[in-house]
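One-based numbering, in listed order, for ligands and for the atoms of each. Just so we're clear, the structure is a prediction, and the values are computed from it rather than from any experiment. When reading the values below, keep in mind they use all heavy atoms of this one structure, side chains included, and skip hydrogens, waters and symmetry mates.
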Amino acid sequence: MSRLIDTIREAMLAFDQEKLVEVTKKSLKEGSDPLEIINAITAVLREMGDKYEKGEIFIPHLVIVGEATKYVISKVLEPLLKDKMERKTIGRVVIGTVAGDIHDIGKSLVALMLFTAGFEVIDLGKDVPVEEFVNAVKKHDPDIVGMSALITTTRPMQREVIEALKKHNLRHKVMVMVGGAPVSAKWAEDIGADGYAENAIEAVNVAKKLVGAKN
Ligand code: HCB
């Protein structure tokens with residue numbers, strides 16, 4: 001795994017999408033699991049966040065690696081994961097990144113992993129207003145609402161969505177799962193969410209538990 005992270009890190013720090021695609025394909029050929037590669041990319045993205053915070057890299061760098069990551073996930077890894085997908089639908093999830101927040105890599109990974117595990121997923125995208133979550137619950141009657149927030153200032157929107165669900169008398173009908181870099185189990189408990197997941201694999205486990213608890 002550490003060799004895989006080193007190779008991925010090198011490609012990402014070169015801010016070179018083609019190189020990232022090349023090393024991803026090479027790692028797959030050498031037997032790496034797509035999930036291992038996703039974990040390595042996630043770890044390096046977090047390192048890059050720290051570099052950004054320290055002023056060692058800047059927004060255009062984050063934009064480039066963000067786009068490169070999305071490309072690799074959607075064009076190289078997603079088709080492989082979908083091939084392995086379980087077909088039976090085990091629940092319905094509405095998911096989105098909260099209002100004011102345009103970070104969507106983690107949310108999309110969670111959506112992909114849930115889909116792969118057999119959930120029907122309605123992805124509302126990023127920067128999703130509170131009312132849109134509420135309307136989606138009315139329209140799709142999901143088992144779970146998943147919310148992602150990556151910035152400390154957008155995290156409170158997760159609470160706002162929960163409060164809006166209560167106001168519209170929908171909260172008892174749906175489980176709420178939250179995640180994102182500044183989100184923790186403690187935060188989830190504080191705002192009255194039903195589940196918290198630190199990563200996409202954990203999100204599948206939590207979602208399965210929540211659906212089990214609901215039915
Ligand atoms: Co962005 N950014 N960024 N950024 N960004 C962060 C998040 C900081 C932490 C970087 C830092 O300062 N250390 C920081 C937030 C600091 C804070 O909270 N106070 C930050 C900032 C400040 C900003 C801007 C405000 C910068 C600016 O413009 N001045 C701006 C935000 C604008 C806005 O949203 N309104 C901004 C912009 C960007 C982009 C566009 C350049 C790019 C995003 C591209 C995209 O998503 N399409 C970007 C990126 C790439 C990052 C970092 C480097 C990586 C984020 C990422 O994709 N991680 C990030 C650093 C970091 O996170 N530490 C940095 C990888 C994914 C896989 O992890 O945590 O998102 P994840 O998701 C996991 C996990 O949390 C969980 O599962 C996922 C998969 O494993 N999960 C859930 C997530 N959602 C879930 C929902 C569930 O229901 C369950 C589980």
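In this structure, Y71 contributes its side chain and Q17 its backbone to no donor-acceptor pair below 3.5 Å. Looking at N199, its side chain does come within 3.5 Å of a backbone N or O of E202 through a donor-acceptor pair.
The shortest N or O to N or O distance between G100 and ligand 1 is under 3.5 Å. Note: no N/O pair closer than 3.5 Å links L45 and ligand 1 by distance alone. Checking only distances, M177 does come within under 3.5 Å of ligand 1, N or O to N or O. Residue S148 has at least one N or O atom closer than 3.5 Å to an N or O atom of ligand 1. Close N/O approach between L109 and ligand 1 is not found [any backbone or side-chain N/O within under 3.5 Å]. At under 3.5 Å, a nitrogen or oxygen of A200, whether backbone or side chain, sits near a nitrogen or oxygen of ligand 1.
Ranking protein heavy atoms by distance to atom 68 (O) of ligand 1, first place goes to R46 NH2, 3.7 Å. Atom 55 (C) of ligand 1 has its closest protein heavy atom at L150 CD1, 4.2 Å. Scanning the protein heavy atoms around atom 18 (O) of ligand 1, the nearest turns out to be T152 N, 2.8 Å. Protein heavy atom closest to atom 10 (C) of ligand 1, with residue, atom name and distance, is Y52 CD2, 3.8 Å. Of the protein's non-hydrogen atoms, the one nearest atom 2 (N) of ligand 1 is H103 NE2, 3.1 Å. Given atom 13 (N) of ligand 1, the protein heavy atom at minimum distance is G49 O, 3.0 Å. The protein heavy atom nearest to atom 45 (C) of ligand 1 is D104 OD1, 3.4 Å. The nearest protein atom to atom 87 (C) of ligand 1, hydrogens excluded, is given as G179 N, 3.6 Å; this is a heavy-atom distance.
Residue A181 comes nearest to L150 through the heavy atom pair CB-CD1, 3.7 Å, listed as atom of the first residue, atom of the second, then distance.
With salt bridges taken as basic N to acidic carboxylate O contacts below 4.0 Å, none links E78 and K70.
Using a 4.5 Å heavy-atom threshold, the side chains of D194 and R171 count as touching. Annotation: side chain of D101 is not in contact with side chain of M157 (no heavy-atom distance under 4.5 Å).
Put simply, Y52 and I151 are part of two different groups of oily side chains (I, L, V, M, F, W, Y) that touch within less than 4.5 Å, one to the next. No continuous path of ILVMFWY side-chain contacts below 4.5 Å connects F58 to I102, so the two sit in separate hydrophobic clusters.
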* To do: Take E22 and K26 through the test salt bridge (charged side-chain N to carboxylate O under 4.0 Å, His left out) and record every step on the way to the result.
  => CA-CA 6 Å; E22 194 187 299; K26 190 162 173 266; over 6 Å; no
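Under 4.0 angstrom from ligand 1, the non-hydrogen atoms of V178 all belong to its backbone.
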